[in-house]
Amino acid sequence: MTSTVGASEATDDPSGVSPDEVHRYLNRELSWLDFNSRVLDLATEPGIPLLERAKFCAIFSSNLDEFFQVRVAALRDQVAAGIDRPTADGRTPLQQLTEISERVPEMVARQESIFLDQLVPELAEAGISILSMHEWTADDHAYLEQYFDERIYPVLTPLAVDPGHPFPYISNLAISIAAHVADPETAERRFVRLKVPTVFPRLIQLDEGRFVPSSHVVAAHLHKLFVGMVVEEWAIFRVTRNADLTLEEEEADDLLEAVELELRKRRFNKAIRLEVADSIGDEMLDVLTRELEIDHRNVTRHRTLIDLTTLFGLQGLDRPELKDRAWPPLTAGRLFLAEESERSIFSVMRDRAILVHHPYESFQSSVEVFLEQAASDPRVQSIKMTLYRAGGDSPIIRSLMKAAELGKQVAVLVELKARFDEANNVQWAKQLERAGVHVVYGMVGLKTHSKVVLVVRDDGDQLRRYCHIGTGNYNSKTARLYEDLGLFTCDTKVGADATQLFNHLTGFSKSEEYRTLLVAPRDLKRQLLDLIEHEASFGSEGRIVLKCNSIADPVVVDALYQASAAGVQIDGIVRGICTVRAGVPGLSENIAVRSILGRYLEHSRIYVFGHGDERDQPLHLMGSADLMPRNLDRRVEVLVPIEHPKHREWLDRVLEFDLRDDIIRWELQPDDTWVRRGRTDVFEPDAQELMYRWTSERQLQVRR
């Protein structure tokens, strides 16, 4: 799990890092691998229920898939283009790829060891088994043969390679079977590829608690596909392809059409990783690597299931004793009282702003109700919002379409370039347009990542602007899994800024200075640097707390080092990528960094500066932006100051739980390793459980 520091080679990095300072930063990609290693740690925690541990093993695989499709693919593209410019940590793209290729096989081997040596025996003891072929009974064989004949065989398409049939296209992340098939009469031999379709489950259930991988069922019945032939050998494999979009936005007349075209082209992007069963023969492997044009160094061998995201299939089991105890979300206290008295959410917002904390507090009874009421309320005249990831069957999308159908002015900025949600967002954009919604497809050269809703309502006495600003996506599904914050307010300054933001996003308006909101890429980075510098002026009395997903901007990191040198105590609560070095003598003595992982994905961004407001009192900010170059320089992001004392108290309580000395956490060491801290026999105290209990007690008090 070590993230080694950069070499001492010269670099002319745009951040202004001199050749002897490259050791100031950790490498972004290797830091991400450290994060995924921490995710894998959760699969070994004795205090976490068994099926949840299996889920973390699956999440590790899913994360690694995305890492290869995006980050490794980007590095490969740079190498192919002859780019050797080092990053701030001093590594060239080729050096990064070399270190990744050394570390990933070790991580995968560790994952397989955890799965085979820990999870499989414990699952079996609990009555849950994923059976290998040699474990099938005669009854199993009979059942699976019937299942194959009736459910699988009709949808299979074997593709042979011969002079009349070129090597078939292998789709991204598809489970495939390679086979050598021979004619016993002529001894003629052919290579065959068979895709295992996704129309049936990855795990086929035999009976209570017993499963077999569908790929194994297909492999066991290959002889039925090649009648009169001999299947000499077979092996399961999987290909990972570059999944990034390459858009020339300035040259695109129609961004929607351009994204759709790129999505079609992405299917045929270059292969960057080949995963194979450890038993594969050399000849068969040579065919795959040659035809896929992939280097043997980019091949990983597996002694267990290829693609352990298969373990997600166990999450539907009705075994509550093997899962986390449910934490039902509560309706925020003031919203609960309003619902009881049949008051609208708008009347509650007029009394005072509302801060909600998901998933401890319900997304459905806050954000979804806000948009549902806005759609139905005859006094509401317009709704504007940014939409980054909406998810599947979205109540929010339905509310927007309803509002448009009722004659309200509805404008939605749909970010078509939201990675891995591009196709989904294209479909939503088309549905919204058909319903009469004004749809804007983002800004040229920028991704719109901010989470903002603006509702204009005629309250009789005046037109009033009601805003929601959040840290997470407007996605009902992930809102139950991601820890996020949202602010509902009708503050006039926030409303004016939100109006200006949407005019800039949807029109041709140049952005002016915002009065309350901090907006990237226009001002946010400069404002954060000013806040850090101002805090440094207070020396040892200074205090900065940064809770975010990632810190990787070299300029921000340098500013934090300078503040640390001035004596400011800096605490980073960073879930994922962190290029800051912590506690290093002469560099970052006053910087401490920890990572919190658990049942929820820590997703909120909270930034607190001890002397940040105009009166040198604490300033609390929350919003969508992480401290990375892409967020600060290439995305539209929004942070909002939190001003009400009760809301500040809530944020302080979140940070207090996260910074306790006795909770389970991972701490970044001066030697750049991450060390788990806290009890090892149980997964407690857990910051998320502490937060849930506190939230429950707080809301119940309001109801009394």
Side-chain angles (χ1 to χ4, degrees), residues 328-377 379-380 383-386 395-396 399 450-457 459 464-474 476 479-480 482-498 516-517 603-606 620-624 638-654 691-692 694-704:
L330 297 168
T331 297
R334 292 173 59 222
L335 293 179
F336 175 82
L337 295 177
E339 185 180 307
E340 291 284 290
S341 59
E342 298 185 348
R343 291 177 62 201
S344 74
I345 195 170
F346 301 107
S347 68
V348 180
M349 292 170 69
R350 285 196 298 273
D351 291 342
R352 172 163 62 81
I354 307 165
L355 183 72
V356 290
H357 195 181
H358 314 302
Y360 309 107
E361 296 177 304
S362 170
F363 182 83
Q364 184 277 326
S365 63
S366 55
V367 177
E368 289 181 12
V369 165
F370 176 56
L371 282 159
E372 180 185 331
Q373 290 186 8
S376 304
D377 190 334
R379 288 181 174 270
V380 168
I383 303 172
K384 299 180 181 181
M385 76 176 295
T386 58
I396 286 174
S399 291
S450 55
K451 328 295 181 185
V452 183
V453 178
L454 171 64
V455 174
V456 178
R457 186 177 189 270
D459 288 337
R464 195 170 270 112
R465 290 175 280 205
Y466 296 85
C467 300
H468 173 270
I469 299 174
T471 68
N473 300 310
Y474 294 111
S476 302
R480 296 191 292 269
Y482 288 16
E483 177 268 343
D484 273 306
L485 292 156
L487 178 72
F488 294 89
T489 180
C490 58
D491 179 271
T492 55
K493 298 191 299 295
V494 173
D497 279 356
T516 299
L517 301 181
H603 195 248
S604 66
R605 292 88 167 179
I606 305 171
H620 295 66
L621 301 169
M622 55 148 271
S624 60
V638 171
L639 297 182
V640 60
I642 302 300
E643 298 180 345
H644 196 281
K646 288 184 179 294
H647 299 162
R648 292 186 177 197
E649 178 195 351
W650 192 289
L651 298 187
D652 287 338
R653 188 54 61 100
V654 173
M691 191 69 219
Y692 177 74
W694 183 80
T695 303
S696 301
E697 292 170 3
R698 183 78 171 246
Q699 299 303 354
L700 290 174
Q701 286 174 2
V702 173
R703 298 179 187 189
R704 296 192 191 105

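- Remark: side-chain polar atoms of Arg480 are not paired, donor with acceptor, to backbone N or O of Pro359 under 3.5 angstrom.
- Within the 4.5 Å cutoff, the side chain of Cys467 has heavy atoms near those of the Leu454 side chain.
- Between Ala375 and Ile383, the shortest heavy-atom distance links the atoms N-CD1, 4.1 Å.
- Side chains of Ser399 and Glu372: a donor-acceptor N/O pair is absent below 3.5 angstrom, by distance only.
- For the pair Ser604 and Leu485, the tightest heavy-atom approach, listed with the atom from each and the gap, is CB-CD1, 3.9 Å.
- Side chains of Glu339 and Val369 form no contact here, defined as non-hydrogen atoms less than 4.5 Å apart.
- Here the straight-line distance linking atom CD1 of Ile396 with atom CG of Leu371 works out to 5.5 Å at 0.5 Å rounding.
- No side-chain donor from either of His644 and Glu649 sits under 3.5 Å from a side-chain acceptor of the other.
- Panel note: side chain Thr386, backbone Val452; a donor-acceptor pair is recorded below 3.5 Å.
- One finds the CD1 atom of Ile354 at 8.5 Å from the OG atom of Ser366 (value rounded to the nearest 0.5 Å).
- When atom types are taken as modelled, the side chain of Glu361 and the backbone of His357 share a donor-acceptor pair closer than 3.5 angstrom.
- With respect to the salt-bridge test (charged N to carboxylate O, under 4.0 angstrom), the residues Arg379 and Asp377 do not qualify.
- Side-chain atoms of Asp484 and His603 include a donor-acceptor pair closer than 3.5 Å.
- For the pair Arg465 and Asp459, the salt-bridge criterion is not met [side-chain N within less than 4.0 Å of a carboxylate O].
- Here the side chains of Phe488 and Val367 are in contact, with some heavy-atom distance below 4.5 Å.
- Residues Phe370 and Val453 have side chains in contact (heavy-atom distance under 4.5 Å, counting atoms from C-beta outward).
- Residues Leu639 and Met622 are not in side-chain contact: their nearest non-hydrogen atoms beyond the backbone lie 4.5 Å or more apart.
- Atom CD of Glu483 and atom OH of Tyr360 lie 5.5 Å apart (nearest 0.5 Å).
- A donor-acceptor pair under 3.5 Å links the side-chain atoms of Ser696 to the main chain of Tyr692, judged by distance alone.
- The NE2 atom of His620 lies 9.0 Å from the CD1 atom of Ile642; values are rounded to the nearest 0.5 Å.
- Interatomic distance, Gln364 CD to His358 NE2, rounded to the nearest 0.5 Å: 11.0 Å.
- Annotation: the span from Ile469 atom CD1 to Leu487 atom CG amounts to 6.5 Å, rounded to 0.5 Å.
- At least one side-chain heavy atom of Leu335 sits under 4.5 Å from a side-chain heavy atom of Ile345.
- The two residues Val638 and Ser450 make their nearest non-hydrogen contact at CG2-CB, 3.7 Å.
- Phe363 approaches Ala479 most closely through the heavy-atom pair CG-CB, 3.4 Å.
- Under 3.5 Å, the side chains of Glu368 and Ser476 contain a donor-acceptor pair of N or O atoms.
- In this structure, the side chains of Arg350 and Tyr466 come closer than 4.5 Å at one or more pairs of heavy atoms.
- A 4.5 Å side-chain heavy-atom check between His647 and Thr489 finds every atom pair outside the cut-off.
- Looking only at distances, no side-chain donor or acceptor of Ser376 sits under 3.5 Å from a matching main-chain atom of Gln373.
- With hydrogens and angles left out, the side-chain atoms of Ser365 and Thr331 include a donor and acceptor closer than 3.5 Å.
- The shortest non-hydrogen separation linking Ala353 to Arg334 is O-NH1, 2.8 Å.
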